[in-house]
Structure formats: structure tokens, C-alpha cells
Protein chains: 4
Amino acid sequence: MGSPPQRADARRNRERILQAAFEAFAAEGHLVPLDDIARRAGVGAGTVYRNFPTKEALFQAVVTVRIERIVDEARALGGAADPADAFYGFVTQVVERAMFNHAVCEALAADMRGFDASGMDEQFTAALDVLLRRAQNAGAVRPDVDVQDVRALLAGAMYMERGHRRGDRPGHMTSLACDALRPTTKRNETSGPRDETHCEICATPLTPAATGRPARFCSASCRQKAHRRKKASPKTG
Amino acid sequence: MGSPPQRADARRNRERILQAAFEAFAAEGHLVPLDDIARRAGVGAGTVYRNFPTKEALFQAVVTVRIERIVDEARALGGAADPADAFYGFVTQVVERAMFNHAVCEALAADMRGFDASGMDEQFTAALDVLLRRAQNAGAVRPDVDVQDVRALLAGAMYMERGHRRGDRPGHMTSLACDALRPTTKRNETSGPRDETHCEICATPLTPAATGRPARFCSASCRQKAHRRKKASPKTG
Amino acid sequence: MGSPPQRADARRNRERILQAAFEAFAAEGHLVPLDDIARRAGVGAGTVYRNFPTKEALFQAVVTVRIERIVDEARALGGAADPADAFYGFVTQVVERAMFNHAVCEALAADMRGFDASGMDEQFTAALDVLLRRAQNAGAVRPDVDVQDVRALLAGAMYMERGHRRGDRPGHMTSLACDALRPTTKRNETSGPRDETHCEICATPLTPAATGRPARFCSASCRQKAHRRKKASPKTG
Amino acid sequence: MGSPPQRADARRNRERILQAAFEAFAAEGHLVPLDDIARRAGVGAGTVYRNFPTKEALFQAVVTVRIERIVDEARALGGAADPADAFYGFVTQVVERAMFNHAVCEALAADMRGFDASGMDEQFTAALDVLLRRAQNAGAVRPDVDVQDVRALLAGAMYMERGHRRGDRPGHMTSLACDALRPTTKRNETSGPRDETHCEICATPLTPAATGRPARFCSASCRQKAHRRKKASPKTG
DNA sequence: AATGAATGAGGATTCATTCAT
DNA sequence: GATGAATGAATCCTCATTCAT
């Protein structure tokens, strides 16, 4: 039943189902009723079941296709000139893509729920492993993480981006996650907009000044602390 | 409705319901049927509804209790001598506790779904904010993250620990997440057990040797690379 | 949703559901459990929901069909030769039909509860209005009533017939209701069977005579009163 | 259990329950949950059940009290000077009172649902019968109706008033119902506000004139009909 | 006697899956 | 092969009635 059908129209149906399922699962995850998918695909529910024995199998099929592409990309990057770029770029891109896709998210999820079919998981892990080791070998990734850690981090980054999507900083959590992987000497620090409602040093709420520049500190002693601290690590604003 | 009943048996039932709900939600999150919770508690469904007007209210009640404790701890740590320990210890502990608890996970989740009741969310954020700012002030946390970032990271760490639970390294993902928050100069690097099935350098699968010490590299050239690299960063094993 | 299905068996099922719903609603009104309707129709509850999105929609569908017929009849009578017959005949017939039908009763009910769908209510009112005005124009209906009064009276008549169904005089209450609409000069007075257990004049219970013709009055003075009254209005027996 | 309790506080509770039940049933009829009544009465549900074996029995008790009063009034009117006023006044008053009382409505309802307990129904009927016969005897009520007809009409009038409550004409339907009972020669005709959107004669919708007095007829021929008709029965506007 | 907690049978609705057409 | 109709178990929630305290 999972094998591709012979007739042209049947093959077309299968494609349409996969496409509809992709969209539906991407938008709503496992929750979307199968009838909705069938309707989107313009076929009957029975046709879906002819092609995929269960709803879960359909889900698997959908994400397998996606993961296949991702694996392909990972393999393509396996020989890239810059192992660091290859690795971090890959991670970032995967997250970005999955960020808006409930289905891929669930598939690559930390618990890999609903994604152990067809050995795609192993292939993904293996391909990622190559990128990771090359990056580690190049000194771009700390050596004490393994591919499972990275997989988990990937899942976590997707999760964080999905949940804490702040219009202002897309990709911010992913960037943090990547920083967790870097050796200590290299780091991409980015700074967000400053919080003008609390003291930067001790978090005391600030009384907003009616006029003039907003205050940054609650007191002179906090301003002094900030001053001292700035001298100690001058690179971060 | 949420007020504790007077009679001893009723109070006992209420406790049993909360306990059963705690376990059930911890194990399966929002998904568990309310009837299951009632059965676990040894009461009828009606009794659950007498105590909590909706399933959601029960969920809230369960997590509110948990979050309350966490907030209390955060507040207690607000005056700790070592801001760094206070902050990282708190984060680690929260994750550890929530790790096995789907419900708390969902409550503190990145999207805070199903946890806006009773202002507990704000209290949690505020208490965490204090710990964060003190740690930043002490130079123990990079200055370009805010409390929302930390909340997201917390949620992500819980998620990662839940999903990628590897018997061997509990808390490992949390440790990584914490590292993402540290200024570059300080880092807790830990190393896991060596993977004996792949070349350490190029990730080529290794043929296990029938006897003797297991191989670490696939070839002489990889061994050479490893040697060169070791000289460059001598601190990591 | 409400569109008729193509397949023969489905169409048959839909009909059976409508029929079962018609009977069930007729007998018990909105109260019948939907599962009962499904069982009567010999289908699963899901099948009912496939055809009608909610129980209420099913109710509407059932009564809409009935009201449609009634509206059709009203329109057909719009050009009748005798406006009085058309109007009173229509009213009588509507009540007769709805009399045994809780559902139609509820639909045409005084408060029109649960019958504002599909504009059928307005159509009914409009068609009735035409009959009413023609009858008023012909002097067969008192001029100080409007179509809303007639609607109310219709509902009331149905209600009365339903409740006080006396095997002996079906339509009696409707006849009374119609009389309320007639100009004073015309009236259809009908008389029911005489009550042989009370004095006709003062309602004192009568001791039934063991033999002979049953008594009509409790005393000679009442007989006398009746005699006098009979002379005053000789047409009613 | 229906028997009045001995202790003073118990008697007080019983009264409070009856009062609360009266209000609750009046407002919502049979639908109101018993727990609500208990709460309104400030007692536990168990106390309600101690006094009344079922919810239905409570309902009966409540309406029995009300009907008792109505019966008392009917009896008091039995010797009134003017039998016509006594009868029509009574009918009107009963309807007016019940109009805002779901419970009494249901009790006196056409189908007498939920009101066959304690012989109150018979007493009501008997008392009404006396008023009716006296009015008939006085020539104020057509002779071809019996007390069951009047009961039905009462129920119907309540029903109509409840459903078609038009702010503008409270009691209008009751007035109509009374007219149905009058001998042909006497009648209370009232006229409502004229409908300015349809032709008075043929009910054709009227195009509202932008200025000037609103039109009453759709055409000259209808105006002519109206003119002829006015001459025939000059008393009604 | 009073309380109000507990019960549990429904009731409306959804949806994965099967199967007649 | 395709269709979409049918199924019926599952889910949340209500409320009359019973019973332990």
C-alpha cells in the first residue's frame, strides 16, 4: 500500500494527497482531521486510505519527503569549503524552514514522535554527523557535543522559535542555540532593543521621566557599576 | 469553585483529584481524558466538575501550584550571595523538575499556552528577571539577552531534555543551554563518553576490532589531524 | 451540508433521517435525544451529523419542509374566489395539521423559537398577510387585527388543541379562535354535548337520577331562568 | 414527606425553599436545576429532598400554592354583583399574572402537564365553572362553551401573550380571546397602529413617499374598495 | 435535621477507519 | 480504483438523586 501505484491518475492522486497533507499538517500538525486533508486534495477519504494505511502513515510519508530534501542538502554541504559555515548555515536553515511548519517540527522534534519510519531518521542523523564532525575538526564547534546533542538542540531551537516568536527578532533563539555550540572564543553576540522600564543593573522598575532621555539606571551606584563593567568587557554594548 | 471544601472527605477527594490530575497531566499533558483523571482519583466525573468548573481549570490549578513553588524559590534566591550560582542553579533546577512533567512543560512552554491564569506567569517572569539581572550585573550572563530569551531557553531546555532523554546524560541539554547564556570567557565544558563506532574526525563508521583496544580513527590521516588539533586546544579531552 | 447526496443509499438514509426526525420531533419536540432519532432511522449518530451539522439544523430542516408546504398552500389560496373561506379554511387547516405535531407547533410558535432560518418565517407571514387582508377587505375578518395577531392566534389555537384534546371535539378550540376574528355579525356557533352532571344554570352538581331522563337543572328556579333566557336568544340550542 | 415539619427552623426552611422555587420556576420553568433552587433558598440540596421527594413534587407544591390563591379569588367572585365583569375580569387577571410566570403557565397549560396533584386542578375547574355559568346565565358569555373550553382558552391566551408579547399591546391577545367568548352582539374592538408599509386592502408593499402624508393604498381601485367598505361598517376606524 | 459531596447516566458532537456503491 | 457514506467509540460536560458526615 505504501508502494507507488501504477496508473497515471492514481499517481497524480497520491501526489495531490501528499501536497494537501503537507499543507494541512504544516498548518495544524497532527490535529487536522483526515477528512480535511482529503477534501483539500479533492479526493475521497477512502482514496487517502488506499494510499496510506493510517493517518499516521500519511504523516510519516509527508515528513519523510521533507526530511529527504534536508538530508540531501546536508550531504551536499558535506564537502563545502568552509565547514563552520556549512554546519551553522545548515542548522539555521533547517530551523528557519521548520519554524513555520508544524509537521516538520513534530517530526524532527526532540522526542522524534512520529518519525521513526523508513530509516530517514538515521540518514538525517548520519548526514548531520558529518557536518558536525567536520566543523568540530575545523575548531568551529566545541568538541564535547555529539550529533544527538545537535539534534536535540535543533528541535529545541525550532520549539523556541515557534513559541517565543517575537516579531522583532526572528532567528534570535536559533542564534543563541548556535552560540551554545561554539567554542568559547568565537561568538556572535547580538543585542536586542534595550528595556527602558527597568534598571539595567539591578532590575528595579524605573519611573519614566516625563521629558528628556529615558533613564537607564535606578541610582548613581548602579550607573557606576555599569561603568566599571563596561571597561571590563568592552566589546558588548 | 476553587475554594477548598470544609469536610474532611471532600478535602481528601479534592487532594486526590489534584494528585491524579497532576500525574495524568504530567504524563500526557492536556490530552488525557477527564474521565481518566476521575478514574485515577477514584471518583466520578461529576466530582471533578464539582471542584473544578472545566478541565482547563483543573489543569491551571495543577500547574499553578507547581509554578507557585518555583516562583517562591526564585524569590528566595533573589538575595543569594552568588548571583551566578543563583541564576544557573535556578534554571537547572526548574528544568530538572519540569523535565518529567508534561504539564509544567506546557505551562512554562515557549508559547505559554494554557497558562495565563492568576497572574502566575507574570510573577514567574518578574522573579526570573531579578535573578537574570543580578547575574548579568555580576558578569555571569551575557548582557544581550533579556528575560524573555531566558524563558524561551528554559522552555527549550525542558523540551530538549524531555525529547532527547538519554539515560546517560541527564541535564546535559540544560547545561548546553546555560552555556549559551554565559559570556564567552566562562564555560562549563563537559564531555560525554566517546563514540566508539565512528571515526572521531570524519565520522566514517569504524569496523569494530574483534580484540584489543577499540579504534578511534578510520585512518592514519585522521589520527594525524586529531593530533594537530589537540595541540591547538589542549584543555578538552 | 444540507445539499442532497448523490448516491441512492445515501439519499434513502437522508430521507429516513428526515422521516424519523419528523416523527420524533412531532412527538416530543426539541427534547428528543439525537441518538433516538438516529436509532429510529436505523443509522449511527454520525450519519445524522453528516447530513445535518447540528441537531438544531435537523429540526429546522424538518419544519422548513412542512412550513414550505403550508406557505405554498397559502399562496395558492391567495386568488381564491371566496376570501373568507380561503382565510378561515387556511387557518383551520394549518392548525389541524400542526395539532399533532410538536415540531411545527414549536416552529410556528408564538415566540417563533427556533424558526428564523431560511426566511421561511417571513414568507409565511407575508402569505398569511395576503389572505388576511383580502378577508378583511371582504368584511369577513374584523379590521382591528393584524397579521401578527393572527400568527399569535394560530399558535395559540395549536397549543389549545394539543393540550385540551378532547376526543369529542377536535377543532373546537380553533373554531373559537376563528370566531374571535370575525366581525360581530357573523359567527359559527357550534354546540358540544350537554354536561349532564351539573345544573346548566348555576353549576351545582346534579344528583343523577337512577331512572328516566337525566335532569338538566338543580331546581325549579334554575329551570325558570333557562326558560327566560332561551326566549332572549333563540338561535342557540 | 409532603407533610409540614414540626420544628420551627424546618418550617422556615420549607417556606424559603418554596419561595426560592417559586422565583426560579417562574423565571425559567422546569428547566432550572434543583441545585440553583437550593442555593437561592440558602439550603443544601438534601434539605430540598427532605421536604419534597422529587423536583417535580416541588414544582407541584409551588404551583399548588399559586393556584390555591387563584381558586380563592374565583370563589370570592362567585357572588359578585356583575357576573360578566367577574368572569372576564377573572380571566384577564389570571392571564396577566401567569404571563410573567413560567411556572403557573406550565401548570395551567393546555396540557396540564405537571399539574394533576392534590385535586387543585378540579377545584380550579369547579370555581371557574361557577363564574362561567353565571356569566352565561347573565348572557355575557356565549352558551356553547363549557368550562374546559375556557380553561383551554386561558392556557392559550397565556401562551399567546408570552410568545407574541408586543411591547405596544399587552393584553391584546387576551382581549381577543375574551371576544371569542362573547355573544356576537357585544364586543370590545380595539385598534392597533396602522401599518404604513402595505396597502390596507390588498397587502401590496407600498413605496414610501419621500414627502407628504404616507400612502394608505397601492392604487385608486383599492382606495375605492376601502371607501365602499367603510360605508358598510362605519363603526371601525 | 441539615449539609453538600458524590454519583453516573445521559446528551451533543467529532473523527479515524471501514465498506457498499 | 475511487468515492464518500456510515460507523460508533470517545470526549466534555450537566444534573436529578442519594448518602456519608
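The basis for the numbers below is simple: all heavy atoms, side chains too, and nothing from hydrogens, waters or symmetry mates. The chains referred to below are lettered A, B, ... by the order of the sequence lines, with proteins before strands, and numbering in each begins at 1.
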Quick one: [X] [atom1] to [N] [atom2], roughly how many Å, whole number?
| X | N | atom1 | atom2 | result |
| --- | --- | --- | --- | --- |
| B:N51 | E:dT7 | CG | C1' | 14 Å |
| B:R14 | E:dG4 | CZ | C1' | 15 Å |
| C:D36 | E:dG11 | CG | P | 7 Å |
| C:E28 | E:dG11 | CD | P | 10 Å |
| A:I37 | F:dG4 | CD1 | C1' | 16 Å |

Whether the side chain of [X] engages the backbone of [Y] through a donor-acceptor N/O pair (distance < 3.5 Å, no angle test) should be reported.
| X | Y | result |
| --- | --- | --- |
| C:R40 | C:A20 | no |
| A:N101 | A:R97 | no |
| C:T47 | C:V43 | no |

Base-contact (B) and sugar-phosphate-only (S) positions in nucleotides 15-21 of chain E, heavy-atom cut-off under 4.0 Å, - elsewhere: SSBB-BS

Distance in Å, D:L58 CG paired with D:I17 CD1, rounded so as to fall on 0.5 Å steps: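 Rounded to the nearest 0.5 Å, the CG-CD1 separation comes to 7.5 Å.
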
Distance, nearest 0.5 Å, that separates CZ of A:F22 from CZ of A:R66: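 A:F22 CZ to A:R66 CZ: 3.0 Å, rounded to 0.5 Å.
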
Under 3.5 Å donor-acceptor pair, C:R50 side-chain atoms to F:dA5 base atoms: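 A donor-acceptor contact between them is present.
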
Residue pair C:K55 / C:L31: nearest heavy atoms and the distance that separates them: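 For C:K55 and C:L31, the tightest heavy-atom pair comes out as NZ-O, 4.0 Å.
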
C:R12 bridged to C:D9 by N-O distance under 4.0 Å: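 No, this pair does not count.
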
Pair pattern of DNA chain E in dot-bracket, where unpaired bases get dots and | marks partners in another strand, Watson-Crick or G-U under 3.5 angstrom: .||||||||||||||||||||

Phosphate OP1/OP2 of F:dA2: any A:N13 side-chain N/O under 4.0 Å: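 Checking A:N13 against F:dA2: at least one side-chain N or O falls below 4.0 Å of OP1 or OP2.
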
Sugar-phosphate, base or nothing in reach of B:G44, heavy atoms under 4.0 Å: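 Sugar-phosphate: the residue B:G44, judged by heavy atoms under 4.0 Å, touches backbone atoms but no base.
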
Ring geometry between D:Y159 and C:Y159 (parallel below 30°, tilted from 30 to 60°, perpendicular above 60°):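 Geometry flag for D:Y159 against C:Y159: parallel rings.
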
No-hydrogen, no-angle side-chain donor-acceptor test under 3.5 Å, D:Q60 and D:E56: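 Yes.
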
